[in-house]
2 protein chains.
Amino acid sequence: MLRLSKLTDYAVVVLTRLEEAEEGGVLTAPGLAAATGLGEPTVSKVLKILSHAGLVEGRRGALGGYRLTRPLAAMPLTDVIAAIDGPIALTACVDNSIGVCDAEATCPVRGRWDPVNDAIRRALSGISIADLAGAPQRAALAAE
Amino acid sequence: MLRLSKLTDYAVVVLTRLEEAEEGGVLTAPGLAAATGLGEPTVSKVLKILSHAGLVEGRRGALGGYRLTRPLAAMPLTDVIAAIDGPIALTACVDNSIGVCDAEATCPVRGRWDPVNDAIRRALSGISIADLAGAPQRAALAAE
DNA sequence: TGAAAACAGTACCTGAATGGTCCTGATTGC
DNA sequence: GCAATCAGGACCATTCAGGTACTGTTTTCA
């Protein structure tokens with residue numbers, strides 16, 4: 001099913017909420033949890049990961065919270081996926097994983113998933129988070 | 001990590017072996033297992049799935065075995081992925097899964113993964129199994 | 001100066017899905 | 001009639017993602 005982790009989905013939701021309330025202020029993790037309907041610990045986890053990746057900025061203290069480091073339009077989807085799910089690769093058979101596959105010697109497609117991974121990366125790099133959240137009504141937007 | 005199931009990987013391997021030995025004859029599941037280095041039950045499972053999807057043809061009986069229904073060059077990767085992993089969709093938030101998400105009411109990206117899924121499908125539909133197995137030495141083939 | 005608020009980091013537990021195996025039945029050829 | 005092979009389904013174990021909790025650090029305010 002080519003599944004993407006739920007955390008990535010949550011990340012997009014949270015980022016969208018952050019963008020909406022981005023009027024110079026910050027939003028707290030509990031506040032974002034309430035706004036999105038997600039669990040507070042989960043939202044906190046997502047925000048921590050995004051903060052680590054530099055997509056959001058966390059400010060500690062009593063008046064702390066999170067805010068975006070860039071507008072969503074300048075935030076490609078690949079950045080979020082890479083932050084949550086790690087490097088974008090369809091299978092474990094990528095360049096840096098030698099010895100994992102037990103059929104390595106006889107496998108005829110060793111390293112051949114690279115063009116697929118590249119195609120996926122290229123397809124995703126053209127989509128920003130703003131494209132996902134921007135216009136729920138404008139149905140046909142990513143078809144060129 | 002955008003993981004694809006191992007079965008799909010195995011399927012590509014098995015299909016490649018089938019193509020190699022496709023000189024009018026058929027290959028048995030144990031034979032393919034020996035040729036690929038994979039376990040016999042696993043290979044058999046993959047072949048059954050592929051047969052169900054119409055990508056290979058199984059012939060019962062003493063001289064039975066499997067053979068390709070189409071050349072690998074005419075077999076898009078999406079067909080294999082769809083056969084093994086089901087419909088190609090990145091997340092559970094697709095059109096036919098209403099009610100699964102508990103934050104449905106407040107989720108700002110509901111249904112917005114569609115352009116992403118479409119981009120993925122388009123990227124994968126241009127790649128055939130032959131492209132994966134065809135030329136392990138010709139490194140730059142999918143980069144235009 | 002102390003308390004409260006909020007992020008930062010880590011560890012742990014649970015549940016589901018994948019991966020792999022096995023068994024039984026149906027079909028075909030010798 | 002027997003052997004070989006696919007077909008179909010059920011079953012179990014392992015792994016990993018999802019979710020939670022706890023503790024520490026930093027900042028603000030009374």
Side-chain angles (χ1 to χ4, degrees), chain A residues 1-11 13-14 18 25-34 36-67 69 81 83-86 90-92 100-103, chain B residues 1-11 13-14 18 25-34 36-69 81 83-86 90-93 100-103:
Chain A
M1 214 226 299
L2 252 161
R3 283 181 46 197
L4 202 56
S5 76
K6 278 189 183 177
L7 271 294
T8 306
D9 199 352
Y10 296 161
V13 175
V14 169
L18 268 177
V26 296
L27 283 182
T28 68
L32 279 168
T36 56
L38 304 174
E40 287 190 25
T42 302
V43 170
S44 181
K45 188 181 197 172
V46 169
L47 285 168
K48 272 180 258 185
I49 297 174
L50 293 177
S51 169
H52 219 259
L55 300 181
V56 302
E57 200 176 36
R59 180 172 183 82
R60 297 185 178 183
L63 291 181
Y66 288 95
R67 68 180 195 85
T69 57
I81 295 177
I84 306 283
D85 293 331
L90 279 181
T91 63
V100 193
C101 182
D102 51 349
Chain B
M1 214 229 298
L2 252 162
R3 282 182 49 196
L4 200 58
S5 76
K6 278 188 183 179
L7 271 295
T8 305
D9 199 353
Y10 296 163
V13 175
V14 168
L18 268 176
V26 296
L27 283 182
T28 68
L32 277 168
T36 56
L38 304 173
E40 288 189 26
T42 302
V43 171
S44 182
K45 187 178 196 174
V46 170
L47 285 169
K48 271 181 260 185
I49 298 174
L50 294 177
S51 170
H52 216 259
L55 301 180
V56 301
E57 200 176 36
R59 181 174 184 80
R60 296 184 178 183
L63 292 181
Y66 288 96
R67 69 179 192 85
L68 296 175
T69 56
I81 294 178
I84 305 282
D85 292 331
L90 278 181
T91 63
C93 283
V100 194
C101 182
D102 51 347

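Every chain is numbered from 1 and lettered A, B, ... according to where its sequence line falls, protein lines coming before strand lines. Everything numeric here is computed off the predicted structure, so don't read it as measured data.
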Taking [atom1] from [X] and [atom2] from [N], how many angstroms apart are they, rounded to a whole number?
X	N	atom1	atom2	answer
Tyr66(B)	dT27(C)	OH	C1'	13 Å
Arg67(B)	dT5(D)	CZ	C1'	16 Å
Ile84(B)	dG20(C)	CD1	P	12 Å
Asp9(B)	dG20(C)	CG	P	11 Å
Asp85(A)	dC16(D)	CG	P	14 Å
Arg3(A)	dT18(C)	CZ	P	6 Å

Contact string for nucleotides 19-30 of chain D, one letter per nucleotide 5' to 3', B = base within protein heavy-atom range under 4.0 Å, S = sugar-phosphate only, - = neither, reads BB----BBBSS-
Ala53(A): side chain to side chain contact (heavy atoms under 4.5 Å, CB included) partners, not counting sequence neighbours: Leu55(A), Ala83(A)
Which pairs count as side chain to side chain donor-acceptor pair (under 3.5 Å) when at least one residue sits in residues 47-59 of chain B, sequence neighbours excluded? Glu57(B)-Arg67(B)
Please state whether the phosphate of dA7(D), meaning OP1 or OP2, lies under 4.0 angstrom from any side-chain nitrogen or oxygen of Ser51(B).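 It does, given that an N or O in the side chain of Ser51(B) lies less than 4.0 Å from OP1 or OP2 of dA7(D).
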Distance (rounded to the nearest 0.5 Å) between Leu47(B) CG and Thr42(B) OG1: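 It comes to 11.0 Å.
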Sidechain-backbone polar pair: Thr8(B) side chain, Ile84(B) backbone, donor-acceptor under 3.5 Å: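 No, because the side chain of Thr8(B) does not come within donor-acceptor range (under 3.5 Å) of the backbone of Ile84(B).
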What residues, two or more places apart in sequence or in another chain, satisfy side-chain hydrogen bond (donor to acceptor under 3.5 Å, both in side chains) together with Glu40(B)? none
Return the minimal non-hydrogen interatomic distance between Tyr66(A) and Leu18(A), and the atom names on each side. O-CD2, 3.4 Å
